[in-house]
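Below: the structure, in structure tokens.
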Amino acid sequence: MTHSSFTTAWFALWFGVALILSFFDTPTSHAALSSADIEKLCINADSSQECGRRIEAAVTTKLTGAFIKRNGDTLTVTLLPESDDADTRTRTFTDKDDPVRGIAYAVWDYLATCDAVVLYVSEDANPHFLWIGRKSGKSVVLPADPVIAPDNKKIVTADFCANNCTNEIALWQINGDLPTKNQTWAPKEPWVDAEATWSSAVALNISYQKKGASGFSHLFLRLSDRDWRHVSP
């Protein structure tokens with residue numbers, strides 16, 4: 001799912017998710033929610049923050065162990081005992097209710113195959129996702145939510161909107177517990193929204209909306225296609 005349907009409000013989050021996932025209603029990993037789940041959770045939420053907290057609660061109830069904890073506006077992710085960061089065994093994120101520099105965090109997903117936690121971060125005009133590796137203790141900012149491949153070795157992100165988006169599909173190779181962007185693909189005509197899911201470990205299904213179009217179209221995209229561009233380290 002792309003964050004291009006989102007705004008800084010959490011209600012835009014669940015609405016965009018429900019809309020785009022209606023085309024490819026496939027969970028991204030063990031803890032991911034379906035569009036129907038998200039709509040059910042947030043349809044009668046009293047505030048945008050409540051919507052985010054409901055999504056987080058639903059995701060964390062699927063997890064075993066207590067490595068994610070919420071205490072009011074503070075979210076704590078516990079790293080693995082053998083974490084590379086021996087000094088700090090936790091990562092802490094605190095919501096700030098500020099009309100100018102407000103920020104909110106919510107657990108979006110947990111990818112067991114690489115022991116990574118994914119947070120959705122709503123920050124002013126820059127909503128994004130944060131990948132946290134529990135072994136390395138490091139994090140990577142992603143422009144859209146990561147969809148892991150069937151081989152568990154890579155992820156794809158699709159980030160399209162009218163403003164403040166990369167307007168590209170990106171492939172990220174998972175090294176250890178962190179993703180590294182190594183290829184990108186961009187359409188020849190402008191898109192305003194898109195969703196990428198895996199058809200196989202070597203091909204993608206893309207649902208996209210062109211600028212000015214009222215509906216979505218579909219594209220089958222192979223990783224071997226020549227239009228992919230390699231990203232320099």
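For Pro187, the side chain to side chain contact (heavy atoms under 4.5 Å, CB included) partners are Phe160, Trp185, Trp191, not counting sequence neighbours. Annotation: side-chain hydrogen bond (donor to acceptor under 3.5 Å, both in side chains) contacts of Asp115 (sequence neighbours excluded): Tyr110, Arg134. Residues that satisfy the side chain to side chain contact (heavy atoms under 4.5 Å, CB included) test with Lys153, not counting sequence neighbours, are Asp151, Gln173. Scanning for side chain to side chain contact (heavy atoms under 4.5 Å, CB included) contacts around Arg229 gives Thr184, with sequence neighbours left out. Scored by the side-chain hydrogen bond (donor to acceptor under 3.5 Å, both in side chains) test, Glu56 finds Arg70 as partners (sequence neighbours excluded). Residues satisfying the side chain to side chain contact (heavy atoms under 4.5 Å, CB included) test with Thr90, not counting sequence neighbours, are Thr76, Thr78, Thr88, Thr92. Asn152 meets the side-chain hydrogen bond (donor to acceptor under 3.5 Å, both in side chains) test with no other residue; sequence neighbours excluded. Evaluation of the side-chain hydrogen bond (donor to acceptor under 3.5 Å, both in side chains) rule for Thr60 yields no partner, not counting sequence neighbours.
When each of Leu79, Leu80, Leu178, Asn175 is tested with Ser136 by the rule side chain to side chain contact (heavy atoms under 4.5 Å, CB included), just one qualifies, namely Leu178. Of the candidates Val147, Ile148, Leu223, Thr197, Val156 forms a side chain to side chain contact (heavy atoms under 4.5 Å, CB included) with just one, namely Val147.
Note that CG of Leu221 and CD1 of Ile169 are 6.0 Å apart. Values are rounded to the nearest 0.5 Å. Rounding to the nearest 0.5 Å gives a distance of 12.5 Å between OG of Ser217 and CD1 of Ile206. Summarising the geometry, atom NZ belonging to Lys154 is positioned 10.0 Å from atom CD belonging to Gln183; distances are rounded to the nearest 0.5 Å.
For residues 178-190, the pairs satisfying salt bridge (Lys or Arg N to Asp or Glu O under 4.0 Å) are Glu168-Lys181, Lys188-Asp227, Glu189-Lys210, with sequence neighbours left out. The list of salt bridge (Lys or Arg N to Asp or Glu O under 4.0 Å) pairs with a residue in residues 213-225, not counting sequence neighbours, is empty.
Defined by atom type and a distance below 3.5 Å, a donor-acceptor pair is present between the side-chain atoms of Thr157 and Trp172. Side-chain contact of Thr94 with Asp73: a donor-acceptor pair under 3.5 Å is absent, judged by distance alone.
Between Ser199 and Leu204, the closest side-chain pair of non-hydrogen atoms is not below 4.5 Å.
Contact detail for Cys114 and Gly176: the closest heavy-atom pair is CB-O, 4.1 Å.
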